[in-house]
Visitor: 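Below are the structure tokens for one structure; questions will follow.
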Number of protein chains: 2
Amino acid sequence: MKFSRQRAAILSFLQSRKDHPTAELVYTNVKEEFPNISLGTVYRNLNQLAEAGMITKHSFGDLGIDHFDYNTNPHQHFVCSCCNAVIDLPAEHNDFSFIDKEAAKGFDGLIQGHRLYFCGICRGCLDQREN
Amino acid sequence: MKFSRQRAAILSFLQSRKDHPTAELVYTNVKEEFPNISLGTVYRNLNQLAEAGMITKHSFGDLGIDHFDYNTNPHQHFVCSCCNAVIDLPAEHNDFSFIDKEAAKGFDGLIQGHRLYFCGICRGCLDQREN
DNA sequence: TATAATAACAGTAATCATTACTGATATATG
DNA sequence: CATATATCAGTAATGATTACTGTTATTATA
């Protein structure tokens, strides 16, 4: 795996954001430094970086668009059903791995894990609704 | 909302299956009774039925294809990462709504619910691996 | 440091699931 | 039964993502 300047820029941009950009957003931002970069290159790199475990790819069913996360530590996500923002939950109460054992009761098959995210309205959208 | 024969057939097919067919699968099956039916009609009806609360639409991020469920009672799902089958979990230990309150601790925003499904290897794929 | 092997690139075309559009047809209601 | 309109079949368009291709950049090695 060679380390191109484009890949460095993509990784660096992802590192600079605590939200979870889409490939399109990565593209438009990295484009400022590399005007010729192509969207395919962004996708390929994001997927390779995810494959290598350096970033995480999140596919939220509701959104239909993949989001990429520089933070590979296990943590929970919240998706605002109003503005579609993806927000990290505080790390305190986030170990829900026990539900795998719970779900395995009476199930004939091997449960290896789960996909989970929370839905609702974020602070920003709540404030706007008050007006 | 008028009740067309096509919509009846779509609903009836969905009722006959305990798995969770995709629009494509519904299409190929209903096509036997209505050779001229179009895929767009299937999608439109499935979405309208879901909108009306008569069926449920599931968007599993890993799969990228929507699945439709005649059973609207709340229950949990298992997705086989080997054959992509969607299987209902037994109803006993399936109320995980308490995790919403857990996740809300320390989060500034309104958590209204969550999306959850389990991943692993189904019985059929486990048996095949033994050989 | 020069060179050769090849991973990665930009650009473009293709794919796949899904939705939107259009004129014709079927369904429900008065 | 007639009228209004929801739904239809067929087709085109969309949007996210992936695949292809000939060229360029990176890395290992001599």
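Naming: A, B, ... by sequence-line order, numbering from 1 per chain.
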Visitor: Could you tell me how far apart A/Arg7 (CZ) and D/dT24 (C1') are, to the nearest whole angstrom?
Guide: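 The distance from CZ of A/Arg7 to C1' of D/dT24 comes to 15 Å, rounded to the nearest Å.
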
Visitor: Could you list the residues that satisfy salt bridge (Lys or Arg N to Asp or Glu O under 4.0 Å) with A/Arg17, not counting sequence neighbours?
Guide: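 A/Arg17 satisfies salt bridge (Lys or Arg N to Asp or Glu O under 4.0 Å) with A/Asp19 once adjacent residues are dropped.
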
Visitor: Do the side-chain N or O atoms of A/Gln6 get closer than 4.0 angstrom to the phosphate oxygens (OP1, OP2) of D/dA25?
Guide: no

Visitor: Parallel, tilted or perpendicular for A/Phe118 and A/Phe96, by the 30°/60° rule?
Guide: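 Judged by the thresholds at 30° and 60°, the geometry between A/Phe118 and A/Phe96 is tilted.
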
Visitor: How long is the line joining CD1 of B/Ile65 and P of D/dA16, in whole Å?
Guide: 18 Å

Visitor: For residues A/His114 and B/Leu116, determine if any side-chain heavy atom of one lies less than 4.5 Å from a side-chain heavy atom of the other.
Guide: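 SC-SC contact between A/His114 and B/Leu116 confirmed.
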
Visitor: DNA chain C: B/Lys57 or B/Lys2, which has the more 5' nearest nucleotide?
Guide: B/Lys57

Visitor: Give the rounded distance in Å between these two atoms: CG of B/Leu11 and C1' of D/dT7.
Guide: 16 Å

Visitor: List the atom of A/Ile121, the atom of A/Phe78, and the distance in Å for their closest heavy-atom pair.
Guide: N-CZ, 3.5 Å

Visitor: Would you jot down, in residue-number order, the residues of residues 45-55 of chain A having a non-hydrogen atom under 4.0 Å from DNA chain C?
Guide: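 Residues of residues 45-55 of chain A that come under 4.0 Å of DNA chain C are, in numerical order, A/Asn45, A/Gln48.
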
Visitor: How about A/Asp69 and A/His75: do any of their side-chain heavy atoms sit closer than 4.5 Å?
Guide: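 Yes, side chains in contact.
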
Visitor: Taking any atom closer than 4.0 angstrom to a non-hydrogen atom of chain B, what span of DNA chain C does the protein reach, first nucleotide to last?
Guide: C/dA17 to C/dA28

Visitor: With each end axis built from five pairs of C1' atoms, what bend angle do you get for the helix from C/dT1-D/dA30 to C/dG30-D/dC1? Round to 10°.
Guide: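 Overall, the helix from C/dT1-D/dA30 to C/dG30-D/dC1 bends by 40° from one end axis to the other.
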
Visitor: Can you name the closest pair of heavy atoms from A/Gly113 and A/Asp100 and give their distance?
Guide: CA-OD2, 3.4 Å

Visitor: Tell me which residues in residues 14-44 of chain A put a heavy atom below 4.0 Å from DNA chain C, sorted by number, or none.
Guide: A/Asn36, A/Ile37, A/Ser38, A/Thr41, A/Arg44

Visitor: For a 4.5 angstrom cut-off between non-hydrogen side-chain atoms, does B/Leu14 reach B/Ile10?
Guide: no

Visitor: So do the side chains of B/Met54 and B/Leu11 get within less than 4.5 Å of each other, counting heavy atoms only?
Guide: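 Result yes, sub-4.5 Å side-chain heavy-atom pair found.
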
Visitor: If you measure only the distance, is there a donor-acceptor pair under 3.5 Å linking the side chains of B/His77 and B/Asp88?
Guide: yes

Visitor: Flag yes if A/Ile37 and A/Leu46 sit in one hydrophobic cluster, no otherwise; membership is Ile, Leu, Val, Met, Phe, Trp, Tyr, and two members link when side-chain heavy atoms are under 4.5 Å apart.
Guide: yes

Visitor: Please identify each residue that fulfils salt bridge (Lys or Arg N to Asp or Glu O under 4.0 Å) with A/Arg115, with sequence neighbours left out.
Guide: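 Checked A/Arg115 against salt bridge (Lys or Arg N to Asp or Glu O under 4.0 Å); matches are B/Asp62.
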
Visitor: Parallel, tilted or perpendicular: which describes the rings of B/Phe98 and A/Phe98, with under 30° parallel and over 60° perpendicular?
Guide: parallel

Visitor: Side-chain contact, heavy-atom cut-off 4.5 Å: A/Thr22 with A/Leu63?
Guide: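 When only atoms from C-beta onward are counted, A/Leu63 and A/Thr22 do not touch, as no gap falls below 4.5 Å.
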
